[in-house]
Amino acid sequence: MTSHVQDTSGSGTQEAAGLDGELARERAYVAVCREAMTRQVDDAQYQVVAGEDVSGDGASAEALGRYLRTRARRMAEEPDSPLFFGRLDFEDTEDAGDHRRQRYYIGRGRVSEHPAAPPLVIDWRAPVSRTYYQASALEPRGVAVRRRFGWAPWSHGAPEDLTGLEDEHLDHARAEGDGDVASAIVAAEIERPRLGPMRDIVATIQPEQDDLVRGELNDSVCVQGAPGSGKTAVGLHRAAYLLYTFPERFRRSGLLIIGPNRTFLRYISEVLPSLGEIDVAQLTVEDVVARHPVRRVDGEDVSRLKHGDRMATVLERALYARVARPEESIAVTDGSYRWRVDSGELARVVDEVRAMGVPYAVGREHVRTRVVTLIQQQAERRAGPKSVTWARKIGRSKPVAALLEVAWPVARPEEVVAALLSDPAVMEEAADGVFDAAEQRTLLWARSPRSYKSATWSAEDMLLLDEVAGLIERPEGFGHVVVDEAQDLSPMQCRAIARRSAFGSITVLGDLAQATAPWSARTWREQLTHLGKAQATVVPLTTGFRVPAVIMELANRLAGALGVDVPPARSLRHDGELTISAVDDTAAATVSAVRAALGREGSIAVIAADDAVAATSAALREAGVETATAEQVGTAARLTVLPATVVKGLEYDHVVVVEPASIVESEPRGLHRLYVVVTRAVSRLDILHARPLPEPLAA
């Protein structure tokens, strides 16, 4: 059973008066919470100042100061927004457990009058808050009433912005055998017009999404998400949940968000701050592996080879080709003694260390240590026990250093990669049986640099350098990595991410139907293997909350022609609009479609093939229509003109697609790209074409 309140001022019925009174009481509670929140922020700032005089050792004082400063900064930087979105009233029965007869308000963060006081608002990530998302008429979990609050669009959380409420009486529904009733407030929030950056979904998380958000820290999971199923939001909310639940773990190891491009990262940039998390790295793979300025562009054939997993084998061979079995013995002078290790023993040491599979730099130190041990054993048989200082001196001696330079020399990633790409002999030795002769020639630089220090690097070379750097010394990893649009990662990009999550868990988000890169995986198991998490669970999200059913049906027609194994998607929304128009002049038709869209609420995107964007933008400007570009994604611009290659992960109320055939023809996986393009629309989709439509759309 569900009851609703929207502003009912002016209604004379007794019921309306009672509901108005309830709304007034909740607005008063908003005022109490806002006052408490203001005091919390002021108190956090005061504690920073007071904490400067704390007693104790220097390390403890510094740790406390760092904690207080971070807490104050987080509270001060939290965006203004409604402090709560829901309420739980528990039954007076044993089913409610410890929460019997309790009432909890659920919000984006904890609000209390002082630290020791019971909270006025409970953080959505707290254990009790899970009941808010999971309780149902069939399984109420001790909840009598779940209340949802409706706020004015773009509200900063002022009391007067609370415009409605909605109660679900789960105790009555269970007794009467009712099923779950769709929430009008949740539907309104999901369908609210979009402007500016992506917003959180904390008020609308569905049970299946909540299960993923609150998964165990050590569990790696892959979400195969249909368009509009909330997979990106799930990944970001999972990050926020883990940071809240395991603060000490992530204070040490950190958490990393990886997105496909900077346009996408700008779009999602406000989600974690809105949830109270501001110290999270949000990077592209290119950011992660960057070591040098990129000043060269590789051709398509070269790029494809460098992104493939065969490249990893060649790089490992090129690095370890520097390791050599010693052919001469060494002699180390120690006072009046002279200790000799013959070449056979030295070769055995190198072979044993090589078989250990440790990073290259670690292996070099293992060789040093083992050689010193062989010398020490001789010395102790003759002259008794030796000290650690003595062992260090022997390890730094000239004969041992000379041995290492021959048998296991210092290696630099730039030196290894430059030698491979510039020296045909090095390439032939490392790539024998992996790349054929033509592929080896394709990979070689046209002009060899004087030295690796003067080399000019491409974006793909950064991946090669990172691979070699990871072979030499493992990079510091993160406690958890969230990877979005993972279907487009190449094997070498996956390996770069795997090195950052080798000792932590990973959340992989994507949609195989939206795979547009030349090297995109056909199956998630293949991609997860490259990411180092072959046993991760793959969970499908097939219910769309964003894309209307009429548009999803069109997208499913496209998906059937893509040759990927993904389940058909369904939408819970039946309010969308789709028009497909054959036109004589796409430029004029675009102007007309945009003018009509500007007469309605919400954001608008015009999406065209990359080489048609300039002409499309020019036509709109000539017609006096102001437009924004991809660089302005995430701002409050009403109208943005975008190339098809950068729209993945974005969403707009109204999308105008210009000439689908050109989008399909512009790249090998053009049909996949078109699938991405048509599923960016939240409410309305206009498809304009002067040329014949691609076959799946024409069906």
Side-chain angles (χ1 to χ4, degrees), residues 258 260 284-292 294-323 357 359-360 411-446 448-449 452 455-475 483 486-502 515 517-523 526-534 668:
I258 296 180
T284 64
V285 178
E286 290 75 18
D287 296 328
V288 170
V289 302
R291 293 174 66 94
H292 300 283
V294 172
R295 296 198 175 110
R296 198 182 72 254
V297 177
D298 283 332
E300 185 176 326
D301 291 344
V302 177
S303 178
R304 193 186 297 267
L305 291 174
K306 288 182 179 179
H307 275 280
D309 56 353
R310 291 184 296 164
M311 198 73 225
T313 301
V314 173
L315 290 168
E316 183 177 16
R317 287 184 182 178
L319 172 62
Y320 282 96
R322 295 165 176 262
V323 174
Y360 184 94
R412 301 172 184 84
E414 290 79 3
E415 190 175 5
V416 174
V417 174
L420 176 69
L421 299 181
S422 60
D423 189 330
V426 173
M427 174 65 76
E428 183 177 6
E429 180 182 1
D432 181 43
V434 180
F435 292 130
D436 62 30
E439 290 172 325
Q440 292 177 32
R441 288 192 298 272
T442 298
L443 284 166
L444 287 169
W445 286 339
S448 299
Y452 73 88
T456 301
W457 306 102
S458 68
E460 288 75 16
D461 291 337
M462 295 300 106
L463 288 170
L464 311 193
L465 292 171
D466 192 75
E467 179 76 21
V468 176
L471 292 171
I472 295 172
E473 189 172 3
R474 290 194 180 100
V483 189
Q487 74 278 351
D488 281 334
L489 295 172
S490 71
M492 290 294 283
Q493 288 175 320
C494 288
R495 292 175 64 86
I497 294 169
R499 285 189 285 277
R500 272 74 184 181
S501 62
W519 41 74
S520 293
R522 298 289 179 180
T523 69
E526 172 190 350
Q527 199 75 329
L528 290 168
T529 300
H530 291 313
L531 286 164
K533 306 294 181 183

Ser448 side-chain N/O to Ser422 backbone N/O, donor-acceptor pair under 3.5 Å: yes
Please determine, by modelled atom types, if Asp298 and Ser458 share a side-chain donor-acceptor pair under 3.5 angstrom. yes
Start with the C-alpha gap between Glu286 and Met462, add the side-chain angles, then the distance that decides, and say whether side-chain contact (heavy atoms from CB on, under 4.5 Å) holds. CA-CA 8 Å; Glu286 290 75 18; Met462 295 300 106; over 6 Å; no
Between Tyr360 and Val323, is there a side-chain heavy-atom distance shorter than 4.5 Å? yes
Here's a test for you: under side-chain contact (heavy atoms from CB on, under 4.5 Å), which of Arg322, Glu316, Arg317 qualifies with Tyr320? Glu316
Pair Leu315-Val417, side-chain contact (heavy atoms from CB on, under 4.5 Å): steps then yes or no: CA-CA 8 Å; Leu315 290 168; Val417 174; 4.3 Å; yes
Take Met311 and Leu420 through the test side-chain contact (heavy atoms from CB on, under 4.5 Å) and record every step on the way to the result. CA-CA 11 Å; Met311 198 73 225; Leu420 176 69; 3.8 Å; yes
On a heavy-atom basis, the closest approach of Arg522 and Glu526 is N-OE1, 3.6 Å
Shortest non-hydrogen pair, His307 vs Ser490, comes out as ND1-OG, 2.7 Å
Grab the two heavy atoms, one from Gly470 and one from Arg499, that are nearest each other, plus how far apart they are. CA-CD, 3.7 Å
Going by the angle between their ring planes, with limits at 30° and 60°, are Trp445 and Trp457 parallel, tilted or perpendicular? perpendicular
Shortest non-hydrogen pair, Leu489 vs Cys494, comes out as CB-SG, 3.7 Å
For Gln527 and Ala486, which heavy atoms make the closest approach, and how far apart are they? NE2-O, 2.8 Å
Please round to the nearest 0.5 Å and tell me the distance separating atom CG of Leu305 and atom CG of Leu443. 5.0 Å
Non-hydrogen atoms of Leu464 and Leu421 that approach each other most closely: CD1-CD1, 4.2 Å
Can you tell me how far CD of Glu415 sits from CG of Leu465, rounded to the nearest 0.5 angstrom? 12.0 Å
May I ask you to test the Glu460-Val302 pair for a side-chain heavy-atom distance under 4.5 Å? no
Which value, rounded to the nearest 0.5 Å, describes the distance between Thr284 atom OG1 and Gln493 atom CD? 9.0 Å
Is it true that Arg291 and Asp466 have a side-chain N and a carboxylate O under 4.0 angstrom from each other? no
If you define the side chain from C-beta out and look only at heavy atoms, does anything of Lys306 sit under 4.5 Å from Met492? no
Determine whether a donor-acceptor pair (N or O, by modelled atom type, separation under 3.5 Å) exists between the side chain of Asp488 and the backbone of Ala517. yes
I'd like to know whether His292 forms a side-chain contact (heavy atoms from CB on, under 4.5 Å) with Asp461, so could you lay out the CA-CA distance, the side-chain angles of the two residues, the decisive distance to 0.1 Å, and finally the verdict. CA-CA 10 Å; His292 300 283; Asp461 291 337; over 6 Å; no
Mind listing the side-chain donor-acceptor pairs of residues 426-439 below 3.5 Å, one per line with the distance, residues two or more places apart or on another chain?
residue	atom	partner	partner atom	Å
Asp436	OD1	Ala438	N	3.1
Asp436	OD1	Glu439	N	2.7
Glu439	OE1	Arg310	NH1	3.3
Glu439	OE1	Asp436	N	3.0
Glu439	OE2	Arg310	NH2	3.1

